[in-house]
Amino acid sequence: MILFLLLIWGPSVLGAVIALALRLTLLRGTPRLPTRDAVFTAIAGGVPVIVFLAPLAGDLGFGPQLWWDLGSRTALPLILGIVGVILLCLPSRSTQMDASAQLVPRTVRTFLRPRQPILLGILAAVAVILALAAGAASETDERGQYTQFSINLGTSGTTSASTGIYGWHYSLPALALLGLLLLTTAIGWLLIPRPAWSHDIERDTANRRLRAANIARIACGAVLLHLAVVFSSLRGTASMMLSAQAGPLGMVSLGTPFAAMEPALFVAWALSTTAGIALWLLTALSGVPMGARTPSRVRTS
């Protein structure tokens, strides 16, 4: 039982530990956000983690049991990511402006590091490739929906077995949500340079860079946790085995064409879950002051 709980909850716990360790070490100098922005940031990163893990806790008897199908489970991280990005896009409370500060240029590149959209693009490309591959391998079930994967033993096809797969019925809505997440993220980044500079340009720059980074963390975390659900589903499909009596050959067993990928899919699930939870919690923790101080200005008469 302990080993089972470790396998199920281990990646999430590890992700939380990594997020806390990064916040206390490498990101200890993160600027302190205004109270309103800090609250929205904590909600945008913390609440999605709770909602995402709630079905898992229910399945293990630690809460209400939520019977969600594969489509809901793959869509949930993307929906939570969209909501989180929207929360981070809410405008900050207006501050005192300095007319001379308007001469300082501000563009998206001023606050957004190139590796952030690149990483998001790579993760999105992986999600699209998996959706297309699994969708192409899917077949219609008894309801006419592309949610089934079958293997046949022999050329006649009389001996066959089938199981569920992340087919077109699930992958197409997920792709639509993925596109909406990418669009929301791009709009969020484009909105960051729009407000005028505050009186303290250095502090304003640091806060906007933190917001750009948090938007990237929320979006990348959403895609990673979506991929974690997909990897887990494909791992279950890969484990299917068909055994049948084949005359003088005795008992013959046949697995899926990608059965050898089952261990790799498990590792991919664990890594995606760990990284996704870490990014979401790191966003939430960035709103909690841990050593960074708001610089104060000395007024002269």
Side-chain angles (χ1 to χ4, degrees), residues 15 19 40-41 43-49 51-52 70-91 106-136 166-195 208-234 268-269 271-284 286:
F40 282 144
T41 300
I43 293 175
V47 173
V49 173
V51 176
F52 178 77
L70 179 59
S72 300
R73 288 187 285 119
T74 54
L76 180 62
L78 300 174
I79 295 174
L80 293 173
I82 293 171
V83 174
V85 170
I86 291 175
L87 283 175
L88 294 176
C89 290
L90 295 178
R106 59 183 190 276
T107 64
V108 175
R109 296 179 61 182
T110 305
F111 312 106
L112 182 64
R113 296 181 178 179
R115 66 170 179 264
Q116 294 167 351
I118 291 176
L119 176 59
L120 179 59
I122 293 174
L123 293 175
V126 173
V128 171
I129 291 173
L130 288 178
L132 296 178
Y166 178 61
W168 294 123
H169 181 69
Y170 304 126
S171 60
L172 290 180
L175 287 177
L177 287 172
L178 177 62
L180 183 58
L181 173 64
L182 296 178
L183 177 61
T184 306
T185 302
I187 293 175
W189 282 331
L190 291 174
L191 289 176
I192 291 177
R194 289 182 63 85
R208 297 196 200 197
R209 285 176 178 171
L210 178 58
R211 174 176 291 189
N214 281 337
I215 289 177
R217 290 166 187 156
I218 291 293
C220 290
V223 180
L224 281 166
L225 292 174
H226 163 75
L227 287 174
V229 177
V230 174
F231 286 137
S232 179
S233 173
L234 292 178
W269 163 79
L271 293 177
S272 298
T273 303
T274 300
I277 294 295
L279 288 173
W280 276 2
L281 286 180
L282 187 58
T283 300
S286 68

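Predicted, not measured: the structure shown is a model, and the values here were computed from it.
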Atom pair [atom1] ([X]) and [atom2] ([Y]), whose distance is rounded to the nearest 0.5 Å:
X	Y	atom1	atom2	result
Leu119	Leu123	CG	CG	4.5 Å
Leu181	Ile86	CG	CD1	10.0 Å
Leu88	Ile192	CG	CD1	9.0 Å
Arg211	Trp189	CZ	CH2	14.0 Å
Leu180	Ile82	CG	CD1	4.0 Å
Thr283	Trp280	OG1	CH2	10.0 Å

Are the side chains of [Y] and [X] in contact, using a 4.5 Å heavy-atom criterion?
X	Y	answer
Leu271	Phe231	no
Val108	Pro193	yes
Arg194	Pro91	no
Pro117	Leu112	yes

Shortest non-hydrogen separation from [X] to [Y] and the atoms involved:
X	Y	answer
Ala212	Phe111	CB-O, 3.6 Å
Gly84	Ala44	O-CB, 3.6 Å
Leu178	Leu78	N-CD1, 3.9 Å
Phe52	Ile277	CD2-CD1, 4.3 Å
Leu70	Tyr166	CD2-CA, 3.9 Å

Using a 3.5 Å cut-off and no angle test, enumerate the donor-acceptor pairs between side-chain atoms of residues 167-176 and protein atoms at least two apart in sequence or in another chain.
{"from": "Trp168", "atom 1": "NE1", "to": "Gly135", "atom 2": "O", "distance (Å)": "2.7"}
{"from": "Ser171", "atom 1": "OG", "to": "Gly167", "atom 2": "O", "distance (Å)": "3.0"}

Verdict with supporting geometry, Leu130 and Leu234, side chain to side chain contact (heavy atoms under 4.5 Å, CB included) = CA-CA 9 Å; Leu130 288 178; Leu234 292 178; 4.2 Å; yes

Under 3.5 Å, which donor-acceptor pairs do the side chains of residues 213-229 form with other protein atoms, sequence neighbours left out?
{"from": "Asn214", "atom 1": "OD1", "to": "Arg217", "atom 2": "NH1", "distance (Å)": "2.8"}
{"from": "Asn214", "atom 1": "OD1", "to": "Ser286", "atom 2": "OG", "distance (Å)": "3.4"}
{"from": "Asn214", "atom 1": "ND2", "to": "Leu210", "atom 2": "O", "distance (Å)": "3.4"}
{"from": "Asn214", "atom 1": "ND2", "to": "Ser286", "atom 2": "OG", "distance (Å)": "3.1"}
{"from": "His226", "atom 1": "ND1", "to": "Thr74", "atom 2": "O", "distance (Å)": "2.9"}

request  = Could you tell me whether the side chain of Arg209 and the main chain of Thr110 form a donor-acceptor pair under 3.5 Å?
outcome  = yes

